[in-house]
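By convention in this document, chain letters (A, B, ...) are assigned in the order of the sequence lines, proteins followed by strands, and residues within each chain are numbered from 1.
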Protein chains: 2
Amino acid sequence: MTELNWPPGTRPQRPAKVPLSRPEIVRTALTIVRAEGIDAVSMRRVAAEFDTGPSSLYAHVRNKDELLALMFDEVCGEVEVPELDASRWKEQVKDLARAGHAAMLRYNDLARAALATIPTGPNALRISNAMFGMMLAGGIPPRISAWAMDRIFLYLTADAYEYSIWGPNSRPQSIEALGANVLAYFKQLPADVYPHVVKHADALVGGSNDERFNLGLELLVDGLDKYATPPP
Amino acid sequence: MTELNWPPGTRPQRPAKVPLSRPEIVRTALTIVRAEGIDAVSMRRVAAEFDTGPSSLYAHVRNKDELLALMFDEVCGEVEVPELDASRWKEQVKDLARAGHAAMLRYNDLARAALATIPTGPNALRISNAMFGMMLAGGIPPRISAWAMDRIFLYLTADAYEYSIWGPNSRPQSIEALGANVLAYFKQLPADVYPHVVKHADALVGGSNDERFNLGLELLVDGLDKYATPPP
DNA sequence: GGCGAATGACGAACACTGTTCGCTGAACGA
DNA sequence: TCGTTCAGCGAACAGTGTTCGTCATTCGCC
């Protein structure tokens, strides 16, 4: 069904459209990354969602890097920050890290973009500030707290990225198939060259992503105890 | 000075060249990544180093991903693996991780490619097998050893990648300038919203990459103690 | 020794990418 | 009412990974 162009001569050269705006662009890009992954987020693809060309976006967004940074901070906004309970500070740090991890995973492989960004957006800062406060409340010196936080976020992002590669994008069965392939590959290796890899091949490929993530998180957080100064 | 084309009629249609080979291609790609970074490693760029077009490479390398994987494993070959000394297993694990970290950093931002790869090459396996052995010698159960190793390599690669972004590619002064910018940005934030970030801004941006890397590494490795079974 | 098959090299092309340059048309202030 | 400003946008540029078809060379075999 084509439009009538009536009355004659009044057809606007440009049909009326929802005007572009930064939040709309970010929102749209997030739906794309959720459905098709970060590689599908191109300026053309986002613009096409508004029935226009890529150059139209540059009035609202400096470049693609800025768009990715905006997307990342938007997702950070979905992470809920609890009220501080100093007696449970380690649990709170872990929970906050898990919440951030989950938020990343919710948006496919967006974590890849986060790895390249230094998180200075308002929502990211809100999370940082909260975790910082938890560690300080636990008696960890500021310097160690700052670095440990940095390490935890690096670990969190890297894990989310790695997971997204073998994650739910490929069909679940294909993950298992891939795992089975790697397992078979490990078992077939020369046992005299790689004895431990061959012997414990199943331990190497076994375990869910959550189990692995939690092990690293636990090591990173629990190890902070030794830096804690006696509570005042 | 142009060639003479003598005797007449014998000019070959294609001038004699060094024939391409997989190792040569990988070596060349590594010199490029070292000098210009991973983004400069395109099939065209590598091929140009051999005075040919990109399609010539596909006889030796399945695709770019395979090339990147080959490059990564080649770099893993530069890491020296020590003889096992069970009494120093934790130190050995840390030293091996530091050696891998250093090897990554030597090749600019190659770590980015490593993040996307599951390390199954011979040289990577050599390192994995060695670290596995160290942990087992320390009395860590196979399952925990395998996961911890995975976590350490993930951490190592992610840190090398992050460092390469702000690293020696940009001029050293510009790193400091960037740090100073971030510091100024943090200090100017509203102190009622982000109190800890503002108060300890210098702790957040302070510290060398090595100090930060070592803190994370120490937490990950030392925390394994609690899983150690009493030595036989 | 000579011939057919296999293989490496490679130019051209395809479908993409991020970004820039001007042009158009509408809205707003003087 | 006129100018100015600016978002929207088509076209183009210089890249990207990869594929196809063709060419020349070389190797194995009779």
Collect all protein-nucleotide pairs involving nucleotides 4-6 of chain C in which both atoms are nitrogen or oxygen and the distance is under 3.5 Å.
none

Output a table of donor-acceptor pairs, distance under 3.5 Å, between side-chain atoms of residues 64-72 of chain A and any protein atom two or more places apart or on a different chain; print 'none' if there are none.
unit_1  : atom_1 : unit_2  : atom_2 : d
A:Lys64 : NZ     : A:Val41 : O      : 3.0
A:Glu66 : OE1    : A:Arg62 : NE     : 3.1
A:Glu66 : OE2    : A:Arg22 : NH1    : 3.2
A:Glu66 : OE2    : A:Arg62 : N      : 3.2

Atom pair distance, as rounded to whole Å: CG in A:Asp51 and P in D:dG8: 13 Å

Rounded to whole angstrom units, what separation is found between the CD atom of A:Glu24 and the P atom of D:dA7? 17 Å

Which whole-number value in Å describes the distance from A:Ile38 CD1 to C:dG18 P? 11 Å

Going by atom types only, do B:Glu78 and B:Tyr107 share a side-chain donor-acceptor pair under 3.5 Å? yes

Carboxylate-amine/guanidinium proximity below 4.0 Å for A:Arg112 and A:Asp39: yes

Distance check needed: C:dA9 P versus B:Arg22 CZ, whole Å only. 14 Å

Salt bridge (Lys or Arg N to Asp or Glu O under 4.0 Å) partners for B:Arg27, two or more places apart: B:Glu24

Check this one for me: any side-chain N or O of B:Ser56 less than 4.0 Å away from OP1 or OP2 of C:dC10? yes

In the structure I gave you, are the side-chain heavy atoms of B:Tyr163 and B:Phe213 within less than 4.5 Å of one another anywhere? no

Quick check: do B:Glu162 and B:Thr157 have side-chain heavy atoms less than 4.5 Å from each other? no

Residues 193-207 of chain B side chain polar contacts: donor-acceptor under 3.5 Å, at least two apart:
unit_1   : atom_1 : unit_2   : atom_2 : d
B:Tyr194 : OH     : A:Pro122 : O      : 3.2
B:His196 : ND1    : A:Asn129 : O      : 3.3

Is it the case that the side chain of B:Ser164 and the backbone of B:Tyr161 share a donor-acceptor pair, with hydrogens and angles ignored and the cut-off at 3.5 Å? yes

Can you tell me the distance, in whole Å, between the CD atom of A:Glu36 and the P atom of C:dC16? 13 Å

Between atom NE2 in B:His60 and atom P in C:dT7, what is the gap in whole Å? 13 Å

Among C:dG8, D:dC9, C:dC10, which nucleotide sits nearest the side chain of B:Ala59? C:dG8

Mind jotting down which residue pairs meet the side chain to side chain donor-acceptor pair (under 3.5 Å) criterion with at least one end in residues 116-126 of chain A? Sequence neighbours excluded, please. A:Asp73-A:Asn123

Roughly, in whole Å, what's the span from CG in A:Leu57 to P in C:dT17? 13 Å

Go along nucleotides 13-20 of chain D 5' to 3' and tag each nucleotide: B for a protein heavy atom under 4.0 Å from its base, S when only backbone or sugar atoms are that close, - otherwise. ---BBBBB

